[in-house]
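Data block below; observations after.
As a basis for the values below, the full set of heavy atoms in this structure was taken, side chains included, without hydrogen atoms, waters or symmetry mates.
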Amino acid sequence: MGSNSSRIGDLPKNEYLKKLSGTESVSENDPFWNQLLSFSFPAPTIENNPRTGNFGALIKVFLSRTKELKLSAECQNHIFIWQTHNALFIICCLLKVFICEMSEEELQLHFTYEDKSPGSYSSDSEDLLEELLCCLMQLITDIPLLDITYEISVEAVSTMVVFLSCQLFHKEVLRQSISHKYLMQGRCLPYTSKLVKTLLYNFIRQEKPPPPGAHVFPQQSEAGGLLYGLASGVATGLWTVFTLGGVGSKAAATPELSSPLANQSLLLLLVLANLTDAADAPNPYKQAIMSFKNTQDSSPFPSSVPHAFQINFNSLYTALCEQQTSDQATLLLYTLLHQNSNVRTYMLARTDMENLVLPILEILYHVEERNSHHVYMALIILLILTEDDGFNRSIHEVILKNITWYSERVLTEISLGSLLILVVIRTIQYNMTRTRDKYLHTNCLAALANMSAQFRSLHQYAAQRIISLFSLLSKKHNKVLEQATQSLRGSLSSNDTPLPDYAQDLNVIEEVIRMMLEIINSCLTNSLHHNPNLVYALLYKRDLFEQFRTHPSFQDIMQNIDLVITFFSSRLLQAGAELSVERVLEIIKQGVVALPKDRLKKFPELKFKYVEEEQPEEFFIPYVWSLVYNSAVGLYWNPQDIQLFTMDAD
């Protein structure tokens with residue numbers, strides 16, 4: 001570093017590194033940067049290791065030290081823990097290089113040294129790798145989390161993430177790899193439930209890193225402080241340069257994390273949960289996530305449930321509510337709701353569901369600022385929740401005040417149910433004008449349909465937005481119909497110009513219109529007396545529905561809507577002209593009692609259930625690894641090396 005550095009051994013004395021890790025701010029225009037970057041030493045290579053066996057020796061040193069790690073933590077042996085952490089840090093850096101640059105067979109060569117011909121390896125190498133993984137699992141689950149053990153705990157989790165990162169360098173989803181071989185069977189298997197439980201508790205507790213004054217290596221002198229400052233402040237960057245040959249930049253800036261251990265643990269948990277099943281065994285980590293129970297549940301586990309454990313559901317619920325700003329926390333919530341019936345039952349029974357639902361609604365409300373995967377996960381969570389009738393009833397009983405993030409209109413008081421409807425409708429309208437994603441449309445409408453029979457005391461603005469959405473769809477339908485007609489006329493006069501497929505567009509828009517009519521009809525049929533504001537909005541925009549009365553695609557579903565409009569229009573006509581809003585609502589409430597319910601035609605109940613796509617791993621595995629790539633603490637991969645997904649240019 002700098003013109004006077006030609007050997008790595010010079011680094012501790014380098015003045016430019018001292019300035020880089022010091023307390024003085026350096027302007028980006030300062031000549032210092034040119035001087036810092038003027039180094040001439042060659043980057044170390046890894047080609048000698050299969051002949052020397054030094055990497056295997058380093059692992060054995062680390063393994064021997066971990067046997068005393070728990071005792072060292074109890075005795076506050078700072079130096080021993082610091083050195084053990086550094087050994088693991090070097091192992092993690094080298095392992096990252098090996099996985100990126102070589103095949104699995106070559107990788108295993110680096111875990112042992114034998115006098116053998118190049119390209120061959122024996123089972124001894126596998127044993128050392130398996131021993132390392134078992135040791136990491138023990139370190140994560142058994143070492144008490146103290147200020148002096150925090151960093152080594154983070155490093156152990158990170159090393160496991162790195163071990164699994166071979167997926168990043170393959171375009172196809174891996175269905176058979178060394179991760180399957182070691183983590184789904186053999187000596188690692190008994191640690192499954194304990195590891196999953198520990199990772200969940202790391203996420204729940206959100207333990208912050210120790211303050212700067214609580215470093216594991218005491219700064220007893222200026223030299224010691226400098227050396228530690230270099231090690232802790234610059235080490236990751238240096239090792240990335242030395243071992244990877246360049247620093248990989250991430251796709252987006254990651255906000256500073258309050259708990260690196262919680263973040264890293266959650267990422268590892270998601271990676272493990274989304275491993276594909278082995279050829280001869282299901283994914284044990286997914287089994288553990290699917291079956292764990294509440295600590296307050298005293299019922300015995302079925303004998304058929306492997307890797308079962310218990311965890312505090314109240315603490316888990318609180319953490320999930322508080323952490324929904326991140327993709328990975330939303331993905332964990334989706335995973336638990338979808339796969340663990342114990343968690344789903346517990347959450348649906350909570351009397352404070354607004355703490356969970358409001359962060360999800362805020363994700364959807366700020367759809368422009370979120371990536372599409374995060375929006376999908378939030379929407380599917382709502383769809384899963386709305387499959388439950390109890391949830392659909394209870395959300396209309398929760399009254400919220402002053403929703404500050406909802407900016408279209410001041411909402412001083414509104415039910416959670418009405419707010420949910422507003423946000424979902426806003427998402428549909430955004431999708432219609434921007435992304436035009438049919439999948440997003442379908443799931444939004446399915447959630448509204450699931451709730452429709454339980455609509456209660458809809459806020460007047462929510463009722464207006466339902467009809468406004470229908471108005472928007474009606475205008476779009478008329479526009480596409482007109483384009484189709486003009487296109488048909490044009491085709492009669494010219495056979496050379498290819499024509500847009502307006503018939504398909506018309507079919508899609510009519511499907512959406514029918515769904516909206518079914519949602520309105522479901523509310524009128526099941527809870528008319530609870531929703532005078534919706535009737536008011538229908539009457540105010542009654543002309544919108546006229547064109548659909550005789551349309552063959554909508555005739556049946558229009559019967560009830562037409563009946564309600566005709567019935568209440570008649571009563572308003574009898575009441576005279578110049579009626580106030582309050583008087584109209586009063587007439588509607590009186591009319592609801594007089595309307596014979598048997599005149600409303602019964603339709604099948606609207607119920608949509610979330611069904612995971614076939615081969616969901618094709619979606620979830622790239623998604624999870626994109627989160628690791630963008631969110632993991634201290635782990636950097638060169639974007640040019642990534643094969644699993646395409647990196648954004650910016």
Greater than 12 external heavy atoms within 6.0 Å of Q176's CD = no
Would you say L199 and L272 make side-chain contact, with heavy atoms under 4.5 Å?
-> yes
Pairwise distance OG(S372) to CG(L379) - rounded to 0.5 angstrom | 12.0 Å
Of all pairs that satisfy salt bridge (charged side-chain N to carboxylate O under 4.0 Å, His left out), the ones with a partner from residues 264-274, not counting sequence neighbours = none
Is there a side-chain hydrogen bond (donor to acceptor under 3.5 Å, both in side chains) between N77 and E68 once you walk through the steps?
-> CA-CA 10 Å; N77 190 335; E68 303 175 41; over 6 Å; no
Plane angle bin for F309 and F292 - parallel if under 30°, tilted between 30 and 60°, otherwise perpendicular | parallel
After noting the C-alpha distance and the side-chain angles of E207 and Y150, does the key distance pass the side-chain hydrogen bond (donor to acceptor under 3.5 Å, both in side chains) rule?
-> CA-CA 9 Å; E207 292 282 358; Y150 189 94; over 6 Å; no
Hey, is CD on E74 packed in by over 12 heavy atoms from elsewhere, all under 6.0 Å?
-> yes
Kindly say whether the aromatic ring centers of F62 and F89 come within a distance under 6.0 Å.
-> no
Are any non-hydrogen side-chain atoms of L183 and L164 less than 4.5 angstrom apart?
-> yes
May I ask you to decide if W637's main-chain N or O and D641's side chain share a donor-acceptor pair within less than 3.5 Å?
-> no
So, does Q76 use its side chain to make a donor-acceptor pair with the main chain of S72 at under 3.5 Å?
-> no
Please find out if less than 6.0 Å separates the ring center of H373 from that of F619.
-> yes
Any Lys/Arg nitrogen of K194 or D142 sitting under 4.0 Å from an Asp/Glu carboxylate oxygen of the other?
-> yes
Is NZ or CZ of R205 both nearer than 6.0 Å to the six-membered ring centre of Y201 and within 45° of the ring axis?
-> yes
Answer with yes or no whether the side chains of H180 and T276 bring together a donor and an acceptor at under 3.5 Å.
-> yes
Thinking salt bridges, do E617 and K286 make one under a 4.0 Å N-O criterion?
-> no
Within the side chain of S631, is there an N or O that forms a donor-acceptor pair under 3.5 Å with the backbone of V628?
-> no
Aromatic ring centroids of Y629 and Y636 under 6.0 Å?
-> no
Side chain of Y610, backbone of I381: donor and acceptor closer than 3.5 Å?
-> no
In Å and rounded to the nearest 0.5 Å, what is the NE2 to CZ distance from H170 to R175?
-> 13.5 Å
